[in-house]
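Presented below is the structure to which this report refers.
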Amino acid sequence: MQRKLNREKEIMNSEQVQNPKPSPFWRLARWLVAAAVGFITLIALFYAVEDWRGRAAWTRCKRELEAKGERLDWAAYVPTRVPDDQNFARTPLLEAIAYKNRQDTGVWARFEAVKSFSFANHTGDWPRRKRADLEACQRTVHEKDGLAGASPSREPASDVLAVLNQLDAQWKELRAASQRPYAQFWYDPEWPWNAIIPNMVTLRTIVQLLGVRASAEVALNRTDDAFADIVVLHKITEGLQGQPFLVAAMVRVAILSGPATQPVWEGLVDGKWSDAQLAELQKRYTKFDLVGDFQHAMRGGERAVINDLIERDPKELERLLLNPNGGKGRTAKEYLELVAVRLSPSGWRYQNQAYYNRMIQDYALAGYDPVRHQVFPREIDQFIKGFETKLHERVLFGKLAGVAVPNFFKALQTCTRDQTQMNQVALACALERYRRAEGHYPEMLTSLAPRFIEHIPHDLIGGQPLKYQRTANGSFTLYSVGWNEKDDDGEISSNRDQGDWVWPAEANDPRGAPARSR
């Protein structure tokens, strides 16, 4: 009996040794580990699902756009490189100063010396009937030479040219290069974000100086020289046309609508261009398609390159969108956005990519019909309202579109207005040729074709003929109804959404009144 009791006691002691009761701390630790494992599993599952959803969304979007004939690959927008010896942009001067981070400071110092005369502040504003202010330019020459207050000894244009001709060798080189058949600023097609790109600041200085030079030459009746400088300006814009980036397209627009056309307009209102020069200018301005160039840039640099960047270097995209200044001056909100982007699933990046591509297709590219050469402001304005509404609904996936897309609408409006101006230049040349042949301007624009112009451009807004009529003083009015799609009787407005887009057939005298120099 005692033996049996001892045996049962041994068994009980053994069970107590083998199954000790866990402490509260140990139970808590096990619960925390299990919870952590479960939480990490849920996070991993969340990232996996969101990554899958994002890639699936982008795959669907890409398939839909390609089915519409859209090309989303960056390589599709890389132009064929032209031979260097036939390329205006490969002349030694432009090689030395016209590319970013590759500037020869010695060569550029000569331009800086001339730039210091501040001629760029007096280049004129031809859409508002203002000539280049050569007298103001002359005053800067006298101030620079310590002759402020002295009576000018010669024509303002002569003093201005005396300064600009300090770069005579450079201007001659550019004129000679402008006869080459091609113009293409070179960049690396393999990786556009690390490319050698044109230095837009340098080009702006060159075109401003050339524009003032051409205006001075027109004032002195040296129209052959002025025409040669205008050809150089057009060649610079041609070199930018080959780059499918919106910034290049908009710089090209700014050159054509500003310094390149200012002397053309001054020669037109003063009747100084020869018949042959008028015909050649008309031919040149008829070829411009700034809205088409805008769409090409949207498809290439603003869509295909962004797609390439998302796939190949998302950190660079992050820097461009959230860290453009290297982190300097970043607000708390921007810092939180940066952290959120870095912690978000990669699938959200693809969701942004899909939404961005759809917004470009449905909004930025939908407001222009390239076949009819017509822009639809009312539809575009409705697109903007719809876009803003949808953007509020797409807080997570609309970041990329929200940063970039609104600027595209402004660019399209600018291109539309400036293309209208290019069409008006071509018509003004044809009207002047008609006046010289017939002794007066025609009653209607249709009288110009086909003798003086092959095709009469219509108004990009609405597709109707441009507004035209002869005036009592022997001149004419020519204008587009503008962005508001309303005929305001040729009224110009400082609000870009209001008023008409008017061709200034006459220049203002220094007091602001219209004056003709015929």
For this session: Kindly indicate whether the side chain of Ile453, heavy atoms from C-beta on, has any atom under 4.5 Å from the side chain of Tyr434.
Result: no
Exercise. Can Thr414 and Arg496 be counted as having a side-chain donor-acceptor contact under 3.5 angstrom?
Worked result: yes
For this session: With side-chain contact (heavy atoms from CB on, under 4.5 Å) as the test, would you mind laying out the steps for Arg90 and Leu94 before giving the verdict?
Result: CA-CA 6 Å; Arg90 301 293 285 188; Leu94 294 180; over 6 Å; no
Problem set entry | Close side-chain approach of Thr416 and Phe294, heavy atoms under 4.5 Å | no
Problem set entry | Polar side-chain atom of Gln419 near backbone of Phe288 as donor-acceptor pair, under 3.5 Å | yes
Problem set entry | More than 12 heavy atoms of other groups within 6.0 Å of Tyr182 OH | no
Exercise. Looking at the rings of Tyr285 and His234, which for Trp means the six-membered one, are their centres under 6.0 Å apart?
Worked result: yes
For this session: Give the minimum heavy-atom separation between Gly490 and Val502, together with the two atoms involved.
Result: O-CG2, 3.3 Å
For this session: May I ask you to test the Leu427-Trp503 pair for a side-chain heavy-atom distance under 4.5 Å?
Result: no
Seminar exercise, completed: Shortest non-hydrogen pair, Pro263 vs Trp273, comes out as O-CZ2, 3.5 Å
Exercise. Can you find a side-chain donor-acceptor pair between Tyr356 and Asn307 that sits under 3.5 Å?
Worked result: no
For this session: Compare all side-chain heavy atoms of Gln166 with those of Arg110 and state whether any distance is below 4.5 angstrom.
Result: no
Exercise. Would Arg213 and Asp168 pass as an ion pair if we require N to O under 4.0 Å?
Worked result: yes
Problem set entry | Member of Tyr468, Phe476, Phe452 meeting the ring pair (Phe, Tyr, Trp, His ring centres under 6.0 Å) criterion with Tyr441 | Phe476
Exercise. If only atom types and distance count, is the side chain of Tyr77 paired as donor or acceptor with the main-chain N or O of Arg71 below 3.5 Å?
Worked result: yes
For this session: Could you pull out all residues at least two apart from Ala177 that satisfy side-chain contact (heavy atoms from CB on, under 4.5 Å)?
Result: Phe88, Thr91, Arg180
Exercise. Do Pro377 and Ile461 come close enough that some side-chain heavy atom pair is under 4.5 Å?
Worked result: yes
For this session: Could you pull out all residues at least two apart from Ile97 that satisfy side-chain contact (heavy atoms from CB on, under 4.5 Å)?
Result: Leu93, Gln103, Val107, Trp108, Phe111, Thr202, Ile206
For this session: Return yes when atom CZ of Arg128 has more than 12 non-hydrogen atoms of other residues, nucleotides or ligands closer than 6.0 Å, and no otherwise.
Result: no
For this session: Apply the test salt bridge (Lys or Arg N to Asp or Glu O under 4.0 Å) to residues Arg139 and Glu143: give CA-CA distance (whole Å), side-chain angles for both, the deciding distance (0.1 Å), then the verdict.
Result: CA-CA 6 Å; Arg139 287 194 293 273; Glu143 290 168 1; 5.6 Å; no
Problem set entry | Glu112: salt bridge (charged side-chain N to carboxylate O under 4.0 Å, His left out) partners, not counting sequence neighbours | none
Exercise. Below 4.0 angstrom, N of the basic side chain to O of the carboxylate: do Lys467 and Asp500 qualify?
Worked result: no
For this session: May I have the step-by-step check of side-chain hydrogen bond (donor to acceptor under 3.5 Å, both in side chains) for Asn473 and Thr471, ending in yes or no?
Result: CA-CA 6 Å; Asn473 67 347; Thr471 57; 2.6 Å; yes
For this session: Any chance you could lay out the side-chain contact (heavy atoms from CB on, under 4.5 Å) test for Leu203 and Val251, step after step, and finish with the verdict?
Result: CA-CA 9 Å; Leu203 293 180; Val251 169; 5.6 Å; no
Seminar exercise, completed: Between His296 and Pro244, the two heavy atoms sitting closest are NE2-CB, 3.7 Å
Exercise. Does Trp171 use its side chain to pair, donor to acceptor, with the backbone of Asp229 at less than 3.5 Å?
Worked result: no
Problem set entry | Residues forming a ring pair (Phe, Tyr, Trp, His ring centres under 6.0 Å) with Phe227, sequence neighbours excluded | none
For this session: Quick one: sort the Trp126 and Trp265 rings into parallel, tilted or perpendicular, breaks at 30° and 60°.
Result: tilted
Problem set entry | Nearest-0.5 Å distance, CD of residue Gln243 to CZ of residue Arg252 | 12.0 Å
Exercise. Side-chain contact, heavy-atom cut-off 4.5 Å: Asp159 with His142?
Worked result: yes
Exercise. Backbone N or O of Gln421 within a donor-acceptor pair of the Trp501 side chain at under 3.5 Å?
Worked result: no
Exercise. Do Pro259 and Thr123 have side-chain heavy atoms sitting under 4.5 Å apart?
Worked result: no
For this session: Before accepting this row, confirm whether a basic side-chain N of the pair Arg175/Asp225 lies closer than 4.0 Å to the acidic partner's carboxylate O.
Result: yes
Exercise. Do the charged groups of Glu95 and Arg102 touch, with an N to O distance under 4.0 Å?
Worked result: yes
Problem set entry | Closest approach of Gln413 to Asp497 (non-hydrogen atoms, all atoms of both residues) | NE2-OD1, 2.7 Å
Exercise. When rounded to the nearest 0.5 angstrom, what is the spacing between SG in Cys429 and CD in Gln277?
Worked result: 10.5 Å
Problem set entry | Main-chain N/O of Gly211 paired with Ser215 side-chain donor or acceptor, under 3.5 Å | yes
Exercise. Taking everything shown except Glu438 itself, do over 12 heavy atoms lie less than 6.0 Å from its CD?
Worked result: yes
For this session: Go through the structure and list residues passing ring pair (Phe, Tyr, Trp, His ring centres under 6.0 Å) with His373, not counting sequence neighbours.
Result: none
Exercise. Can you check whether Lys486's main-chain N or O pairs, donor with acceptor, with Asn484's side chain at less than 3.5 Å?
Worked result: yes
Seminar exercise, completed: On a heavy-atom basis, the closest approach of Pro181 and Glu238 is O-OE2, 4.1 Å
Problem set entry | salt bridge (charged side-chain N to carboxylate O under 4.0 Å, His left out) partners for Glu135, two or more places apart | none
Problem set entry | Test item: Gln424 side-chain N/O and Pro504 main-chain N/O as donor-acceptor pair under 3.5 Å | no
Exercise. Distance-only, no hydrogens or angles: does the Glu302 side chain make a donor-acceptor pair with backbone N or O of Leu246 under 3.5 Å?
Worked result: yes
Exercise. Just wondering, are more than 12 heavy atoms of other shown residues or ligands nearer than 6.0 Å to NZ in Lys130?
Worked result: no
Problem set entry | Exercise: identify the closest heavy-atom pair between Met422 and Ser257 | CE-CA, 4.0 Å
Problem set entry | Backbone N/O of Asp459 and side chain of Ser480: donor-acceptor pair under 3.5 Å | no
For this session: Assess whether side-chain contact (heavy atoms from CB on, under 4.5 Å) is satisfied between Tyr479 and Ile492, documenting all intermediate values.
Result: CA-CA 10 Å; Tyr479 62 91; Ile492 300 174; over 6 Å; no
Exercise. Step by step, would you call Asp489 with Asp487 a side-chain contact (heavy atoms from CB on, under 4.5 Å)?
Worked result: CA-CA 6 Å; Asp489 295 323; Asp487 185 350; 4.0 Å; yes
Problem set entry | Donor-acceptor under 3.5 Å (Asp488 side chain, Glu491 main chain) | no
Problem set entry | Separation of Phe408 CZ from Ile360 CD1 (nearest 0.5 Å) | 5.0 Å
